[in-house]
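The structure appears below as structure tokens.
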Amino acid sequence: MGIRTTPTTPFAGQQPGTSGLRKKVTVFQQPGYLENFVQALFDVVHGVGQPATGLTLVLGGDGRFHNRTAIQTILRMAAARGYARVLVGQNSILSTPAVSAVIRRHSASGGIVLSASHNPGGPDGDFGIKYNGTNGGPAPETLTQAVYERTQALGSYTLSDAADIDLGTQGVQQMENTRIEVIDSVADHAAVLRSLFDFDAIRALFARGFRLRYDAMWAVGGPSAKAIIEGELGAPAGTVVHAEPLEDFGGLHPDPNPVYADDLVAHLMAADAPDMGAASDGDADRNMILGRGFIVSPSDSLAVLAAHARKVPGYQGGLAGVARSMPTSTAVDRVAKALSLPCYETPTGWKFFGNLLDAGRITLCGEESYGTGSDHVREKDGLWAVLFWLNLVAVTGQSVEQLVRGLWSEHGRCVYSRHDYDGIATERANALMAELRASLPTLGGTTVAGQAIAWADDFAYTDPVDGSVSQRQGVRVVLADSSRVVFRLSGTGTEGATLRVYLERHEPDASRHDVPAQEALAPLVALAEAVARIAHHTGMNAPTVMT
Ligand code: G1P
Ligand code: ZN
């Protein structure tokens, strides 16, 4: 064994986006590409030339193609850096919430998650890397920006030339002076979940014949969902489907929304549908919830959980506050108001919840993009959300649909949809946003597509805990009745640009709660087209994906 320093030159574009650095697998396979990024990360976290003496690193990924190769490289780099200990998931696997749980339970200094979340996998698919800090949460923008700058200045990287670690069996191995512990991929996370929910009540629910279909989408959430839902909670075998993690997710898009989880939707719309449906994504941090013949919007899901949180053991003392990302619907704001809870509006991306959670200002948070979570870890958590819903159904005796309709009847319905325009040439997407931003000063007070715009702006956020400011987080166009359209470009894609258009309209009238969302939102779609000239800029007359 020995530690070798290899000269290198910078790669362009190693800039982390909404959730880490995501690129095509083929980009990550270039010699030195991963090494450069990890070296830059360690240089920023520990200081250039400084060792990681006495520190523990957590390491794991969502099992997608290239995961195992990348893990061995990072282990060699961690050993060269002088980490005291690396906790690595068995077979290289740790879901994103599991990494967060392991960091927190083992007082690690940080962790590396290898994931491209819900993006497709396989040799032609996507790969990603993300650093989480000592609180278990995604690194803040200041750190990711510093890492990017370091990638542009790098001259060498260091790694051990030791043989591969055997990741198939749990136990301790040594590389240089670093103790490599291969750990159970689900145990720590499962222990956290067990401490929050009434497993007896959920067990009794299944014993009464309650039927769930949990679609793990051939991804990393399968084994833990099977162990907990079928194993511990007694749901019948076959409740968790597509449970075996595949390197290419069966060639599918492991994103739990009605478009990509269409098989699950079909099962829940069928005549003999189960009582509840659920799905999680590639790295098991996202979730989708369905009732029989009924799809729950993620924004409503967050609001329902907030409204009923006290009925669940882990939250029986009540919530400190709640937060949602700016484009997420205001349903949770209405619940928070009724419960006199503080409610925060953050930019898109889980990293913005970290400070609020650490400071104890919020307990629950969520995003419209099928992400919900709490202060139990510092990531969104798919299985957590499913257990929360099961616990609520078990103790309230209400169905999924009844719980959502209860929210609507008390607070009105926040009719909501997101329209994505994928694969736009980057210059064209940038031109659209630039034109929209340029129109902002004169948009408020005008009438466009027959609708009076009350105000419009580009969302900026000042973190209430550390005072850091994040500018240009999305253009908001808001009507007098608070209906709104939000525009932003995705920060997680790997090819061209994706325009996201978020549409929300509050409907207080219960007799209109069943009007289909796309119909109720049609005037806002017309407004979006009129203010942003989407067809002109993108050449597309309809979104690629509507959720
Ligand atoms: C998307 C979602 C965002 C989420 C992120 C990571 O980011 O919109 O809410 O936090 O994935 O799962 P985007 O592609 O919009 O930048
Ligand atoms: Zn994910």
Side-chain angles (χ1 to χ4, degrees), residues 15-22 60-64 94-100 113-121 126-130 132 137-139 141 144 216-217 219-221 245 249 253-257 260-261 279-288 297-299 302 323-329 345-354 365-373 377-385 416-424 429 433 459 470 472-475 486-502 544-545 547:
Q15 176 117 50
T18 312
S19 186
L21 180 69
R22 288 203 194 156
D62 63 11
R64 65 178 57 229
L94 285 173
S95 73
T96 294
V99 170
S100 192
V113 193
L114 296 178
S115 168
S117 187
H118 51 284
N119 295 14
D126 290 350
F127 196 73
I129 178 167
K130 182 172 92 156
N132 283 22
E141 272 187 332
T144 57
M217 305 192 85
V220 72
F249 311 109
H253 212 119
D255 198 0
N257 65 41
Y260 294 122
S280 48
D281 74 329
D283 58 338
D285 59 352
R286 292 186 174 198
N287 77 89
M288 175 168 69
S297 100
S299 300
L302 174 64
R324 62 165 170 86
S325 65
M326 180 273 283
T328 303
S329 100
E345 183 178 40
T346 59
T348 293
W350 209 260
K351 56 181 176 260
F352 292 102
F353 295 132
C365 45
E367 296 192 273
E368 51 64 42
S369 52
Y370 297 83
T372 348
V377 287
R378 292 294 180 274
E379 289 281 3
K380 52 191 175 237
D381 190 338
L383 187 51
W384 169 90
Y416 190 84
S417 182
R418 187 177 98 185
H419 291 189
D420 290 341
Y421 296 78
D422 290 324
I424 311 171
M433 290 304 291
F459 180 60
S470 302
R472 295 162 63 91
Q473 295 296 319
V475 168
V486 175
F487 302 85
R488 57 180 285 282
L489 298 184
S490 159
T492 58
T494 59
E495 252 173 348
T498 291
L499 170 69
R500 303 205 193 284
V501 182
Y502 308 82
T544 338
V545 177
T547 55

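When a ligand or atom number is given, it counts from 1 through the structure's own listing order.
Remark: minimum distance from atom 7 (O) of ligand 1 to any protein heavy atom is reached at T492 CG2, 3.4 Å. The protein heavy-atom contact nearest to atom 11 (O) of ligand 1 is R286 NH2, 3.0 Å. K380 NZ, 2.9 Å is the protein heavy atom nearest to atom 12 (O) of ligand 1. Nearest protein neighbour of atom 2 (C) of ligand 1, counting heavy atoms only, is S369 OG, 3.5 Å.
Residues L94 and V220 share a closest heavy-atom pair of C-CG2, 4.5 Å.
At least one N/O/S atom of S117, from backbone or side chain, sits under 2.8 Å from the Zn ion (ligand 2).
By the 3.5 Å distance cut-off applied to N or O atoms, G491 is counted among the residues near ligand 1. Note: no N/O pair closer than 3.5 Å links S19 and ligand 1 by distance alone. For ligand 1, none of its N or O atoms has an N or O atom of R22 under 3.5 Å away.
To the nearest 0.5 Å, atoms CG (D285) and CG (D381) are separated by 8.0 Å. For the atom pair OG (S117) and CG (D62), the distance works out to 8.0 Å, reported to the nearest 0.5 Å. Atom OG of S19 sits about 11.0 Å away from atom CH2 of W350, to the nearest 0.5 Å. Taking CD of E367 as the start and OG of S299 as the end, the distance is 10.0 Å to the nearest 0.5 Å. Atom-to-atom distance recorded for E368:CD and Y416:OH is 4.0 Å, nearest 0.5 angstrom. Taking NE2 of H118 as the reference point, atom OG of S280 lies at 13.5 Å (rounded to 0.5 Å).
D285 contributes atom OD1 as its closest N/O/S atom to the Zn ion (ligand 2). The Zn ion (ligand 2) sits nearest to atom OD1 when only the N, O or S atoms of D283 are considered. The N, O or S atom of D281 with the smallest distance to the Zn ion (ligand 2) is OD2.
Within the structure, the closest approach of R418 to ligand 1 falls below 4.0 Å when heavy atoms are considered. At least one heavy atom of G349 sits closer than 4.0 Å to an atom of ligand 1.
For ligand 1, the atoms lying closer than 4.0 Å to a non-hydrogen atom of E367 are 3 (C), 4 (C), 9 (O), 10 (O). In the vicinity of T348, heavy-atom distances shorter than 4.0 Å reach the ligand 1 atoms 3 (C), 8 (O), 9 (O). Near R500, meaning under 4.0 Å from one of its heavy atoms, ligand 1 places the atoms 8 (O), 13 (P), 14 (O), 15 (O).
Side chain to side chain, T547 and N257 fail the donor-acceptor criterion of an N or O pair below 3.5 Å.
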Can T348 and Q473 be said to form a side-chain hydrogen bond (donor to acceptor under 3.5 Å, both in side chains), step by step? CA-CA 7 Å; T348 293; Q473 295 296 319; over 6 Å; no
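Around the CD atom of E495, the shell of radius 6.0 Å holds no more than 12 heavy atoms that belong to other residues, nucleotides or ligands.
Under 4.0 Å is where a charged nitrogen must lie from a carboxylate oxygen, and between R500 and D420 at least one such pair does.
Using a 4.0 Å cut-off between heavy atoms, T18 contacts ligand 1 through its side chain alone, with no backbone atom that close.
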